[in-house]
Amino acid sequence: MSSLHLYDTLSRTTSPFTPLKEGEVGIYLCGATVQAPPHIGHVRSGVNFDILRRWLMKSGYNVTFIRNVTDIDDKILHKAVHEKAPWWAVAMKYERAFTDAYAALNVLPPTYEPRATGHVTQMIALMQLLIERGMAYAPGNGDVYLEVRKLESYLTLSRQKLDDLQSAADADETFKRDVRDFALWKAAKPGDPSWPTPWGAGRPGWHLECSAMAQAYLGEEFDIHGGGLDLIFPHHENEIAQSEAAGYGFAKRWLHNAWVTASGEKMSKSLGNSLQVHELLKTVRGIELRWYLGSAHYRSMLEFSHEALAESSVAFRRIESFLLRSVEILGQEPTPVLGTAFIDAMNDDLAVPTALASISESLRLGNSAITSGNKSVIATSANEIRGALEVLGCDPFDPAFASASTSDDVTTALDGTIKLALAQREAARVRKDFESSDAIRDGLTALGIVIEDTAQGPRWSISRKTEGSGS
RNA sequence: GGUGGAAUGGCCGAGAGGCGAGGCAAGGGACUGCAAAUCCCUCUACACGGGUUCAAAUCCCGUUUCCACCUCCA
């Protein structure tokens with residue numbers, strides 16, 4: 001039996017995962033800056049780390065999962081001006097949009113989801129500590145800076161040299177001891193929201209909040225820190241700087257997810273709104289979008305295309321369809337079980353693509369068993385597939401997806417109606433009146449109802465549109 | 001300029017010295033009244049040039065192209 005190995009950005013190697021405290025795992029994931037609706041790149045990060053979390057849970061760990069919300073920052077303030085709304089209303093609006101998107105994709109809610117603005121007290125305490133330790137300074141303009149040259153380990157995550165960094169075009173050297181020193185705290189500008197501190201009123205710098213909140217919820221030292229690749233520098237580098245300057249052990253392991261790209265490039269606003277989560281959910285179900293986003297390895301770029309998404313949906317429906325048929329045949333939902341091949345793949349730095357190959361194998365065996373009527377093989381396959389889908393967060397029987405097997409009044413009525421039509425069709429087929437039987441089937445097809453003749457008799461399902469439109 | 005990543009069959013996407021992951025598409029076949037679904041078979045790929053090795057997609061050297069980060073980024 002294999003054991004979990006994970007990659008670590010800091011060492012750039014894959015190594016056995018050992019938690020600080022047996023049976024417990026603490027994860028901090030950098031969440032969204034809530035200044036615009038989520039696009040699929042944002043939620044890919046959520047899905048990737050949700051799969052990690054689920055796998056850790058399945059492996060028997062008690063996982064404390066923190067994902068923060070950055071609800072105060074320059075972009076939010078700009079957006080507030082643009083939308084003629086208070087900054088906090090803008091932040092709330094987009095935070096809800098993110099929450100909805102995560103929910104639609106069955107991303108488990110974090111254990112705690114701290115907002116930056118709710119942790120100013122912790123941030124001030126951290127700054128105080130940093131100043132006392134001589135690592136940070138308040139030059140009197142209301143800003144507070146971290147003195148990066150005092151840190152041996154600065155830039156070890158991104159493996160850069162301090163002197164190689166290009167200095168920011170707008171760097172203000174008046175108050176900084178070194179251009180590369182970064183702001184822990186930013187002095188208030190007229191009209192902007194601010195919080196009082198011993199060094200003057202202002203608002204948090206982006207990096208400070210994560211160090212403060214990680215410490216507040218996970219302690220000075222914790223197991224895994226995650227985020228998108230683009231956060232390595234400066235964000236995570238600066239988090240390390242702050243936390244280590246404070247004397248904290250901080251994150252033992254760093255995991256970074258790659259981007260969703262479009263036309264080979266990192267997704268950005270210039271690509272328009274079409275890749276926003278709520279837009280894509282008009283073409284595929286949440287479970288299918290999740291399947292797509294989760295199917296590539298988390299450290300690989302995922303090149304988005306509507307065609308690939310549609311194709312991925314079709315593949316998922318094949319699996320789903322087998323599970324639903326297994327329920328019809330066996331009369332009960334499958335019991336989630338994990339196959340060895342799946343376990344080994346997941347333990348190998350969450351090798352989801354390899355894990356999917358094991359699902360395909362089970363699917364093939366299961367479908368063959370349906371043809372041959374071997375119920376025990378059907379059950380084995382269905383159980384293993386459901387076990388795998390559960391870890392991937394794509395279990396069709398998960399109530400989160402309000403699955404296809406609902407049995408409300410409308411569904412019951414519809415099922416009865418269609419079965420009536422199918423009975424007519426069967427009668428026509430028996431008397432070899434294929435013109436009539438085909439007319440019934442064509443009629444149903446026109447209504448979006450797909451008929452399949454199986455060894456167990458005809459079955460029906462609602463056909464789902466696959467809109468591979470665009471480009 | 002610095003740092004990091006990538007190039008795999010029609011497409012998507014794994015792998016990381018020897019046994020051709022998997023999916024989708026396409027073609028053929030089985031089953032079927034016909035479809036659909038399902039199963040079987042086929043389609044033998046690793047940017048380029050050198051090198052190491054019995055053996056290279058994988059290691060080494062060089063080259064090309066692309067992407068990202070360098071204080072807004074999932």
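This is a predicted model, so every value here is computed, not measured. All chains are named by letter (A, B, ...) in the order of the sequence lines, taking the proteins before the strands, and each is independently numbered beginning at 1.
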[N] and [M]: how far apart are their [atom1] atoms, nearest whole angstrom?
N     : M     : atom1 : result
B/C60 : B/A16 : P     : 15 Å
B/A6  : B/A14 : C1'   : 15 Å
B/U42 : B/G4  : C1'   : 42 Å
B/C46 : B/A21 : C1'   : 14 Å
B/A47 : B/U58 : C1'   : 15 Å
B/C12 : B/G51 : C1'   : 34 Å
B/C59 : B/G5  : P     : 12 Å
B/A30 : B/A7  : P     : 41 Å

Roughly how many Å is it from [atom1] in [X] to [atom2] in [N], rounded to a whole number?
X        : N     : atom1 : atom2 : value
A/Gln160 : B/C69 : CD    : C1'   : 7 Å
A/Asp344 : B/G22 : CG    : C1'   : 17 Å
A/Leu184 : B/U71 : CG    : P     : 18 Å
A/Phe316 : B/G22 : CZ    : P     : 21 Å
A/Phe182 : B/C69 : CZ    : P     : 20 Å
A/Glu239 : B/A74 : CD    : P     : 13 Å
A/Ile232 : B/G2  : CD1   : C1'   : 15 Å
A/Glu209 : B/C72 : CD    : C1'   : 13 Å

(message) Run the ring pair (Phe, Tyr, Trp, His ring centres under 6.0 Å) test on A/Phe250 and A/Phe222 for me, step by step, so that the C-alpha distance in whole Å, both residues' side-chain angles and the decisive distance to 0.1 Å come before the verdict.
(response) CA-CA 6 Å; A/Phe250 210 52; A/Phe222 55 94; 5.2 Å; yes

(message) Would A/Arg67 pass as a cation-pi partner of A/Phe49, given that its NZ or CZ must be under 6.0 Å from the six-membered ring centre and within 45 degrees of the axis?
(response) no

(request) Examine A/Arg285 relative to A/Phe316 and say whether NZ or CZ is less than 6.0 Å from the centre of the six-membered ring and inside a 45° cone about the ring axis. (result) no

Using a 3.5 Å cut-off and no angle test, enumerate the donor-acceptor pairs between side-chain atoms of residues 442-449 of chain A and protein atoms at least two apart in sequence or in another chain.
unit_1   : atom_1 : unit_2   : atom_2 : d
A/Thr445 : OG1    : A/Arg441 : O      : 2.8

(request) Kindly write out the residues that satisfy ring-ring contact (aromatic ring centres under 6.0 Å, His included) with A/His297, not counting sequence neighbours, or none if the list is empty. (result) none

(request) For the residue pair A/His42 and A/Phe98, categorise the inter-ring angle as parallel (less than 30°), tilted (30 to 60°) or perpendicular (more than 60°). (result) perpendicular

(request) May I ask you to decide if the ring planes of A/Phe342 and A/Trp55 are parallel, tilted or perpendicular, using 30° and 60° as cut-offs? (result) perpendicular

(request) Tell me which nucleotide among B/U71, B/G22, B/A68 gets nearest to the side chain of A/Ala357. (result) B/G22

(request) Report the nucleotide, chosen from B/G22, B/U71, B/G4, that has the shortest atom-to-atom distance to any side-chain atom of A/Pro234. (result) B/U71

Counting only Watson-Crick or G-U wobble pairs whose two distances fall under 3.5 Å, which nucleotide matches [N]?
N     : value
B/U63 : B/A47
B/G1  : B/C70
B/G18 : B/C54
B/C24 : B/G10
B/A30 : B/U38

Polar-atom pairs under 3.5 Å, protein N or O versus N or O of nucleotides 12-15 of chain B: list them with distances, or write none.
unit_1 : atom_1 : unit_2   : atom_2 : d
B/G13  : OP1    : A/Glu303 : N      : 3.1
B/A14  : OP1    : A/His297 : N      : 3.0
B/A14  : OP1    : A/Ser300 : OG     : 3.2
B/A14  : O2'    : A/Thr354 : OG1    : 3.0

(message) Tell me every residue that passes side-chain contact (heavy atoms from CB on, under 4.5 Å) with A/Asp433, counting only those two or more places apart in sequence or in another chain.
(response) A/Ala428, A/Arg431, A/Glu435, A/Ser436

(request) For A/Thr380, check side-chain contact (heavy atoms from CB on, under 4.5 Å) against everything at least two apart and list the hits. (result) A/Glu384

(message) Taking the ring centre of each residue, are A/His306 and A/Phe304 less than 6.0 Å apart?
(response) yes

When you compare the protein's N or O atoms with those of nucleotides 37-40 of chain B, which come within less than 3.5 Å of each other, and at what distance?
unit_1 : atom_1 : unit_2   : atom_2 : d
B/U38  : OP1    : A/Arg318 : NE     : 3.0
B/U38  : O3'    : A/Asn367 : ND2    : 3.3
B/C39  : OP1    : A/Arg318 : NH2    : 3.3
B/C39  : OP1    : A/Asn367 : ND2    : 3.3
B/C39  : OP2    : A/Arg318 : NH2    : 3.0
B/C40  : OP1    : A/Arg364 : NH1    : 2.6

(message) Using a heavy-atom cut-off of 4.0 Å across all strands, would you classify A/Asn48 as base, sugar-phosphate, or nothing?
(response) nothing

(request) With heavy atoms under 4.0 Å as the rule, sort A/Val352 into base, sugar-phosphate or nothing. (result) nothing

(message) Quick one, A/Leu6 and A/Ile224 - any side-chain contact, counting heavy atoms below 4.5 Å?
(response) yes

(request) Could you pick out which residue, A/Ile451 or A/Gly227, lies toward the 5' side of RNA chain B when each is mapped onto its nearest nucleotide? (result) A/Ile451

